[in-house]
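Here is the structure we will look at.
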Amino acid sequence: WSAAALDFLRVRTCPPSLQRNLRGGSALQQHLLEHIQSCWEHPLDGVRHQTRSLFRDLLLLHQHVAPPTPDPSNDPYISELTHSLLGLEWHMRGKYGSLQCLVELYGAGHLLSVQPELPLQLLGLMGDQTLAPYASNLLERLFVSHKAELEKPSANSGESTTADGMSCWNRTWVTPLLHMLCRARPEQTTFILDYFLPKLLRCSPSSLAHMVQALQDAPFCRTGELFVCSGPASSRGALGALMTCLRAARAQGVVPTSEELWGGLVPLSLLQQALIHKHDQVRMDALGFVCESRRSTEVVTSQEADLIRHFLPANLNSQSAGVRQQTVSLMKKVRSSPRSKGSVDSERMQEVLEAALELSTSTKPFDSVTAAHLLQLLLHQPHLSQALLLRAQQHHIHLQPPPPPLSAQASETLIVEINTLTVVQFLLCCLQVEVQRAESSLLQAAASHPLYGRAHCITAVLQHLNTESLRETQQWRRLVSELIDVCYRVSDVVSPVVQSSSPEGLIPMDTDSEASAGLQKILQEIQPRDTNDFFSSARELKRDDGDEHTHSHNVQPPSLHEGGEGYRVTAQMVLVCCWRSMKEVAMLLGQLCHTLPLQHTDAHSGLITDRQVEGVGLYFRQQLLQSRHRGAFELAYVGFVRLTDMLCWWVLTLQQLPARWLSEVLEEVKSSDPSSKLCATRRSAGIPFYIQALLSSEPMSASCSLLKMTMKELMALAMPSAERTSNSSSVPQVHALNILRALYRDTRLGENIIPFVSDGMQAAVLGFTSPVWAVRNSSTLLFSTLITRIFGVKKGKDEHSKKNRMTGREFFTRFPALYPFLLRQLEEAAATVESRSGQAKLHPSLFLLLLVLSRLYPSPMDGSSSPLGLAPFMPFIMRYVLVVHTHRKVINTFTTFSTFNMTYNLYNANQKQTETFQGGELKIKN
């Protein structure tokens, strides 16, 4: 409608009566503004975009029909609207888009004249992850518009006032930025660096010189003493702010070339200080400034190499995992530059290879990560395959690598393929031998050759393989088949532990005969014969050179523990070995299914068959539905997701698998009871993960038929029934509630899950009235998830702040089915408050109802006849205020609803009851 009105005004003369109706402040404009305010935070992006477009059109309509004025502050409507928008709380996201429209049509100077501290205020909001994107977009619109206004020719002289204008622009935008970077804690400025600083530098690259000069003139940079500039001790200071600005500028290509940079723009002494600074983030920014470059062809200079060598000795042993990960990531960027690539000396390559293979069998889990990095580094070396072949011969490992390329000018892609194939073959041979040992003695495997290290290295090496142009197709097919088989063998070895009822302590509680047999075998091996102190003390194993398992195989992979004095093993070590092995198996199988091309029956290309893919899917089903260890089934979920993501792109038989698997597991959930293999405790263990992976793999463009079918089935199970009054009959209901909780938490389902929020809330509230504790517990967890899904994550310490709430009109517009439901439930609860004995009786769902209602507050557009107003809830809440012992929650709920002064009088009238309740509460606590 608004677009059509604008088109009409552009081509025709507007009648006076129509002008009055379209002008700002008219009744029509007021009604439209109310509609905009009720929709500008709608969960759908399309609705929010249309709402913002409508607001912009209203401003344009007002411009067409109102008398023209050069200064917007002289327009009463625009002035009032600006003050009204700026006066709203900043957690209202629709406010930002409306302010952007004002900036677009009336300029940034108008807003800055009304609120001069607006830049610093918006920068302060950048510490909130939920508001940072909106604040940064508004900031960008403001400083771009402000720069354009300042660069306009002067009306008097007709000449551009660029120098004075840029000085004013830097004071307005750059100075508050530097103030925030110097004084705020690094974690508070993360989003400033991600969203705001790059945009600012793109808008005005010349401002970098102003930043550098201002920060170098700061006390820290002049004296070299720590924390001279005022600010909290945890702030990065002027030197940290300088490194941050330089890193962002170089990433944007604003910094001059390396030859002009070092010793020119920034003294090398300052960079050296920053590289060994006390604060982690300052060191990372300095290293990023040295390592990162917008141009991938830029060579590594000698000054950069010297600075990196200055950084490494003091930072390689950092205790912060985040610092170590960032260091590795930045060093990879240096490694990938043209100057840093090249062949490694043969002797040096042998040393690195030796270290990688030794670390791949370490009992320290992070050593396998280091081993994987080293192997990835060696994949580009032309002679790696020959070095591995020599090592295999030395250790009697049967290895058949592909022949090396005959041409000395072989492409890097071919070299990487051959090296990858050889490395995976070697690690697979070692892993097969270690699995044989683990099948005989899992304890010995956990103590000397844990299986997860080799599997992790195989997965990491395969990640860098280009599967689109492989030359050794036949060898790869055989290798893939062997990898899948060895994964199943590893899983069979460790499954008795992670699938036991108490994997953390290995206490045999399983009724399943197969699982119990496997678990008892492990317990027989690790449990001391005479005492029961195994779980509080380690058991030392002496290596027996005559052990039949040690010499039963000719192939002995190299071990870091060769010649050791013995092993100290605990139940925790066995558990870590088992769940990490399950993790790596899941990741490896997921990697194979996700990256390898499918082999069709009538084609010569492809490495994995549809039968193998289906087999992997059935394997994940077993692990997710039967594992009890959270680490095991969570990581199996990661691998299963990689598989399900590819099913919809393959042949029809594979595309139909998710629907079939989903139907089967839902039938199993319906018929489950305490004797079922499905885990009814541990929040249903891996069952929600399994269903979650199947549903999230459904293409977003589809009709969501699987999701609709699943939600219908789960809602039928989750709703209370007269038949489910015992622990055994309520197992399907518990599973349904736990699965629903996982689906509402899944961000991959996006807005497709929103239509089912109302039904989920009803199931949670009604489930809280169940006589079965397990149902009440699962209902509480589901309710908590829905509160987060509806109102968002907690945005402040005060639960009753408007940041964590929404208007009643907005809430019930999104979820209209909850209006009659909550009102009916509150009425039923009110009926049970007073009893003949004079004692208050609490309805089971009372607290949940009050918790939802306390998150709502009246909308300014609510009238006495509003169909979705909060007035009908008031009588029931007032009854609770006078009687119910949950006085604080009722008062909070009532206060959020009431728009009258009687709230204060009501509170004073019941203060005596409050003190009595508090005294009784204190007695209970004592």
Side-chain angles (χ1 to χ4, degrees), residues 353-365 367-372 374-376 378 385 388-389 391-392 394-401 419-463 465 475-495 549-550 552-562 574 576-592 596 612 616 619 635 639:
L353 179 60
E354 177 78 19
L357 296 176
E358 292 290 328
L359 290 171
S360 68
T361 60
S362 172
T363 55
K364 298 178 180 179
D367 285 350
S368 60
V369 179
T370 305
L374 293 176
L375 290 173
Q376 290 173 349
L378 295 175
S385 60
L388 277 171
L389 180 60
R391 184 171 178 82
Q394 294 173 350
H395 292 274
H396 310 289
I397 296 178
H398 181 65
L399 190 65
Q400 292 182 334
N419 286 343
T420 303
L421 182 59
T422 307
V423 170
V424 174
Q425 284 180 344
F426 183 90
L427 293 174
L428 176 61
C429 292
C430 297
L431 182 58
Q432 288 171 335
V433 174
E434 291 160 5
V435 170
Q436 284 184 319
R437 293 184 175 183
E439 289 170 343
S440 301
S441 174
L442 181 58
L443 184 60
Q444 291 284 354
S448 59
H449 294 85
L451 308 173
Y452 53 82
R454 306 285 198 191
H456 176 79
C457 290
I458 293 174
T459 304
V461 168
L462 289 174
Q463 289 175 352
L465 180 67
Q475 290 204 47
W476 278 113
R477 288 177 179 174
R478 289 194 297 269
L479 186 62
V480 168
S481 180
E482 293 179 8
L483 283 173
I484 294 176
D485 290 340
V486 80
C487 285
Y488 293 158
R489 290 177 60 192
V490 171
S491 176
D492 291 340
V493 172
V494 301
S495 290
H549 301 305
T550 304
S552 60
H553 309 288
N554 294 327
V555 181
Q556 296 190 16
S559 168
L560 188 65
H561 306 285
E562 293 280 352
V574 176
V576 167
C577 172
C578 292
W579 82 260
R580 281 191 173 273
S581 298
M582 291 292 286
K583 164 197 169 182
E584 297 302 338
V585 164
M587 298 304 292
L588 179 52
L589 290 174
Q591 176 74 17
L592 294 175
L596 299 183
Q612 288 173 329
V616 172
Y619 163 80
L635 293 164

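Counting begins at 1 with the first residue of the sequence. Values in this document were obtained by computation on a predicted structure and should not be read as measured data.
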Verdict with reasoning, Ser491 to Tyr619, per side chain to side chain donor-acceptor pair (under 3.5 Å): CA-CA 9 Å; Ser491 176; Tyr619 163 80; 3.2 Å; yes

Side chain proximity check, Leu357 to Phe426, heavy atoms < 4.5 angstrom: yes

Non-hydrogen atoms of Ala447 and Thr363 that approach each other most closely: O-CG2, 3.4 Å

Side-chain heavy atoms of Val461 within contact of Asn419, under 4.5 Å: no

Min side-chain heavy-atom separation Ser362-Glu358 under 4.5 Å: no

Heavy-atom side-chain proximity of Leu427 to Leu375 below 4.5 angstrom: yes

Side-chain heavy atoms of Thr420 within contact of Trp476, under 4.5 Å: yes

Distance-minimising heavy-atom pair for Val576 and Pro365: CG1-CG, 4.5 Å

For the student: nearest non-hydrogen atoms of Leu374 and Ala356, plus distance: CB-CB, 3.8 Å

Close side-chain approach of Leu592 to Leu462, heavy-atom, < 4.5 Å: yes

Criterion side chain to side chain contact (heavy atoms under 4.5 Å, CB included) on Glu354 and Arg391, from CA distance to verdict: CA-CA 9 Å; Glu354 177 78 19; Arg391 184 171 178 82; 2.4 Å; yes

Arg580 side chain reached by Val494 side chain, heavy atoms, under 4.5 Å: no

Non-hydrogen atoms of Leu388 and Leu399 that approach each other most closely: O-CD2, 4.0 Å

Just distance, no hydrogens or angles: give the donor-acceptor pairs under 3.5 Å from side chains in residues 481-489, sequence neighbours left out.
{"from": "Tyr488", "atom 1": "OH", "to": "Gly615", "atom 2": "O", "distance (Å)": "3.4"}
{"from": "Tyr488", "atom 1": "OH", "to": "Val616", "atom 2": "N", "distance (Å)": "3.3"}
{"from": "Arg489", "atom 1": "NE", "to": "Glu439", "atom 2": "OE2", "distance (Å)": "3.3"}
{"from": "Arg489", "atom 1": "NH2", "to": "Glu439", "atom 2": "OE1", "distance (Å)": "3.4"}

Beyond-backbone contact of Gln444 with Arg437, side-chain heavy atoms, under 4.5 angstrom: no

Results of side chain to side chain donor-acceptor pair (under 3.5 Å) for Ser360 - residues two or more places apart only: Arg454

